[in-house]
Protein chains: 2
Amino acid sequence: MQDNATRTGKRERAGKDHDVSVDLIAVVVAVADQEPRVLTIGEANGLPSGPFELGHRSLQFGLRTWVEQQTGHRLGYIEQLYTFADRDRIGDERQERVISISYLALARMDQVAGSPKRAWRSWYDFFPWEDRRAGIPLLVTEILQPRLLAWASGAVDATFCGERRRRAAIAFGFDDHDWNEEFCLQRYELLYEAGLVEEAMRGREANGALIPGPAMIADHRRILATGIARLRSKIKYRPVVFELMPPVFTLLQLQRTVEALAGVTVHKQNFRRLIEQQDLVEETGQMSSDTGGRPAKLFRFRHAVLDERPSAGTK
Amino acid sequence: MQDNATRTGKRERAGKDHDVSVDLIAVVVAVADQEPRVLTIGEANGLPSGPFELGHRSLQFGLRTWVEQQTGHRLGYIEQLYTFADRDRIGDERQERVISISYLALARMDQVAGSPKRAWRSWYDFFPWEDRRAGIPLLVTEILQPRLLAWASGAVDATFCGERRRRAAIAFGFDDHDWNEEFCLQRYELLYEAGLVEEAMRGREANGALIPGPAMIADHRRILATGIARLRSKIKYRPVVFELMPPVFTLLQLQRTVEALAGVTVHKQNFRRLIEQQDLVEETGQMSSDTGGRPAKLFRFRHAVLDERPSAGTK
DNA sequence: CCTTATTATGCTCATGTGGAGTATAATAAG
DNA sequence: CTTATTATACTCCACATGAGCATAATAAGG
């Protein structure tokens with residue numbers, strides 16, 4: 001049979017004529033001080049990563065091993081993000097093909113052990129335009145928008161100009177378009193295409209018109225953007241925020257965490273109504289008066305909802 | 001730096017001590033005669049697939065090459081599904097690791113060229129319990145539900161019995177739970193775990209209590225379930241159904257296509273209201289009287305919506 | 001020609017959800 | 001005793017969604 005011949009042929013070739021290596025890459029997220037943070041390695045800002053090896057029982061297990069080894073951190077919640085294989089995006093021109101399987105992991109920062117070469121950096125360091133909690137950043141209106149429009153105008157003909165302008169408007173919420181926090185990846189990719197981030201200028205001469213925000217190793221900033229987009233989307237229909245919360249918390253703390261992730265503020269009363277009507281939390285009976293002002297009830301996550309309903313989330 | 005050391009080490013090892021081969025696998029979907037169909041290869045029911053090779057410009061390009069070679073079919077819309085690497089799910093016990101990167105592709109059946117070894121099979125052949133358009137199939141109430149409950153009762157202690165029963169109820173909509181057509185993958189995985197599908201019994205003695213529905217090669221049925229779940233989810237917020245429609249169609253044809261994919265029927269008037277208020281289609285000015293009964297207006301997809309709004313879908 | 005079956009299409013109505021505002025209660029700090 | 005801050009309850013409205021009834025236009029059968 002043709003298909004069997006194909007498959008047999010593949011098996012015989014396996015491990016011989018194909019120079020493919022597989023990398024596992026983790027976007028490890030935690031929230032502290034109302035700031036979403038990501039675990040980075042070294043001063044060149046890499047994500048924890050390592051090759052998938054024969055000894056690894058599974059992809060996830062290999063990932064856990066590497067992250068634990070490089071950061072001393074034991075992962076809890078893990079979810080696969082995407083598999084990348086673009087030769088031109090990793091920054092060096094090897095003949096060998098590298099496949100990057102990326103994962104999103106959620107953690108609590110209080111579990112963190114010390115280690116010299118790793119850091120919890122705010123993800124808004126890398127994507128300053130993604131934080132709209134204090135309104136639209138000046139960076140966007142003063143720098144980003146003009147440069148994107150300039151890039152759009154630089155297209156070869158009028159049709160492409162209009163198309164570029166429209167894509168920028170949809171991604172960044174210009175004109176009458178709404179801001180959608182889930183378009184994080186599209187925004188980064190647009191900036192890459194426009195040559196406004198450092199990663200796009202590798203091997204080319206810098207044109208000096210880069211947008212603020214440090215580059216990361218290889219295509220790790222794209223992977224981080226993928227993780228942010230996924231998490232921002234997922235908190236809406238799955239109770240994953242609680243993976244980032246301490247065991248006991250107030251509703252305002254929960255809200256601030258969601259806002260930190262989403263990069264936008266939400267209506268306080270509506271947020272509480274949503275949480276309570278979905279029975280996501282239960283009262284502990286205790287109160288918190290850390291903040292000054294009327295003491296808040298302390299809640300804990302109702303783990304039973306994981307059995308009851310796979311859906312249900314925040315916002 | 002530690003991270004650089006790690007990365008350098010990885011590069012040196014690359015292509016030497018890791019026996020990893022990468023497979024590309026395609027779930028190619030089309031709809032005809034109100035039946036969702038998937039492209040299969042050979043009599044053992046495999047999905048089109050082949051190894052990722054150095055010559056391939058990208059993962060997607062490699063996939064297109066293999067599918068075209070094996071089926072004579074040129075792919076249009078493509079989207080990545082998931083990357084699998086479970087040694088115990090592919091059915092043979094090689095030491096070498098196989099990584100399967102799976103994709104969902106949408107096609108129109110009128111484009112199909114003839115070829116001996118490939119077939120367009122209804123995906124409900126493989127998942128008869130997923131088709132609820134004519135009500136709940138007898139298969140479910142007569143065979144599937146009792147056997148799942150028996151499996152649940154067979155757990156080691158009462159706690160696990162209850163947990164298994166709850167998971168089955170959520171996945172299949174038993175008791176007062178709603179049926180959710182998007183849980184296609186969870187349902188298959190549950191049946192696998194319960195030993196009710198052939199793939200779960202490989203290397204073990206058959207217990208004779210299998211559920212109807214033919215097995216596929218390796219873990220291809222799981223990959224197909226992943227594709228179905230993704231597509232059922234995606235048609236709700238992205239205008240992807242039109243990738244499966246002919247250039248011109250009536251609203252009822254569109255509705256029947258959506259219903260074929262979702263496996264459930266929808267309210268006719270509400271469906272039309274939804275489509276029209278989202279400006280997804282425009283009239284061609286022509287009418288169709290193929291069916292008998294009042295002639296229907298013919299519509300075409302407004303391709304402009306792809307630029308205007310990335311969201312918007314059916315249902 | 002008239003009835004019946006079938007399909008297309010327009011309109012209504014109840015319900016629920018989500019955005020946004022107002023009002024009140026309980027605390028700390030000056 | 002005032003002010004600032006936070007927590008919490010309640011209301012209102014726009015809009016989406018589920019479900020039904022009514023009417024229009026055709027084919028097929030008597």
Side-chain angles (χ1 to χ4, degrees), chain A residues 34 132-133 135 173 176 178-182 233 235-237 248-259 262 264-300 309 311-315, chain B residues 34 132-133 135 173 178-182 235-237 248-259 262 264-300 309 311-315:
Chain A
Q34 308 186 3
R132 298 200 151 204
R133 287 175 292 175
D176 56 342
D178 289 331
W179 172 262
N180 187 335
E181 75 274 2
E182 294 180 29
S233 164
I235 52 173
K236 292 181 182 169
Y237 60 95
V248 161
F249 48 86
T250 69
L251 288 184
L252 188 61
Q253 285 169 341
L254 183 64
Q255 181 183 345
R256 295 283 179 243
T257 302
V258 169
E259 289 175 336
V264 294
T265 55
V266 300
H267 186 110
K268 190 171 184 172
Q269 289 83 348
N270 292 344
F271 180 81
R272 305 169 90 92
R273 177 175 63 186
L274 191 71
I275 298 296
E276 288 177 337
Q277 86 186 5
Q278 291 199 121
D279 277 327
L280 290 174
V281 297
E282 61 189 2
E283 298 184 14
T284 63
Q286 298 165 318
M287 306 284 277
S288 160
S289 43
D290 300 339
T291 49
R294 176 171 170 175
K297 289 179 187 168
L298 284 170
F299 292 84
R300 77 170 70 89
R309 293 164 314 174
S311 60
T314 53
K315 259 192 358 146
Chain B
Q34 309 187 2
R132 298 200 151 206
R133 286 174 293 175
D178 289 330
W179 172 263
N180 187 335
E181 75 274 2
E182 294 181 30
I235 52 172
K236 291 181 183 168
Y237 59 95
V248 161
F249 48 85
T250 69
L251 289 183
L252 186 61
Q253 285 170 341
L254 183 64
Q255 181 183 345
R256 294 284 180 242
T257 303
V258 169
E259 289 174 335
V264 293
T265 55
V266 302
H267 186 111
K268 189 171 183 171
Q269 290 82 350
N270 292 345
F271 179 81
R272 304 169 90 93
R273 178 175 62 189
L274 192 70
I275 298 297
E276 287 176 338
Q277 85 185 5
Q278 291 199 121
D279 277 327
L280 290 174
V281 296
E282 62 189 1
E283 299 183 14
T284 63
Q286 299 164 317
M287 307 284 278
S288 158
S289 44
D290 300 340
T291 49
R294 176 171 170 173
K297 289 179 188 168
L298 284 169
F299 292 84
R300 77 171 69 88
R309 293 165 313 175
S311 62
T314 54
K315 263 191 358 148

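Quick note on labels: first sequence line is chain A, next is B, and so on, each numbered from 1.
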Scan every strand shown for a Watson-Crick or G-U wobble partner of dG20(D), both distances under 3.5 Å, and answer none if you come up empty.
-> dC11(C)

Opposite nucleotide pairing with dA25(C), Watson-Crick or G-U, both atom distances under 3.5 Å | dT6(D)

Rounding to a whole Å, what distance do you find between [X]:[atom1] and [N]:[atom2]?
X         : N       : atom1 : atom2 : result
Gln277(B) : dT9(C)  : CD    : C1'   : 16 Å
Met287(A) : dT6(D)  : CE    : P     : 15 Å
Phe299(A) : dT6(D)  : CZ    : C1'   : 14 Å
Lys297(A) : dA26(C) : NZ    : C1'   : 12 Å
Leu298(B) : dA8(C)  : CG    : C1'   : 13 Å
Arg273(A) : dA9(D)  : CZ    : C1'   : 12 Å
Arg256(B) : dA8(C)  : CZ    : P     : 8 Å
Arg272(A) : dT6(D)  : CZ    : C1'   : 9 Å

Ignoring hydrogens, what is the shortest heavy-atom contact between [X] and [Y]? Give both atom names and the distance.
X         : Y         : value
Leu252(A) : Lys268(A) : CD1-CE, 4.2 Å
Arg133(A) : Val264(A) : CG-N, 3.8 Å
Leu251(B) : Glu276(B) : CD1-OE2, 3.8 Å
Phe299(A) : Thr284(A) : C-CG2, 3.7 Å

Side chain of Gln269(A): nearest nucleotide among dA19(D), dA23(C), dG19(C)?
-> dA23(C)

Asn270(B), nearest nucleotide to its side chain (from dG18(D), dA20(C), dA8(C)) = dG18(D)

Assign each of Lys268(A) and Arg294(B) to its nearest nucleotide of DNA chain D by heavy atoms, then name whichever residue's nucleotide is nearer the 5' end.
-> Lys268(A)

His267(B) or Pro295(A): which one's nearest nucleotide on DNA chain D is closer to the 5' end?
-> Pro295(A)

Does a salt bridge link Glu182(B) with Lys236(B), judged by any charged N lying under 4.0 Å from a carboxylate O?
-> yes

Identify whether any heavy atom of Leu251(A) sits under 4.0 Å from a base atom; if not, whether one sits that close to sugar-phosphate; answer base, sugar-phosphate or nothing.
-> nothing

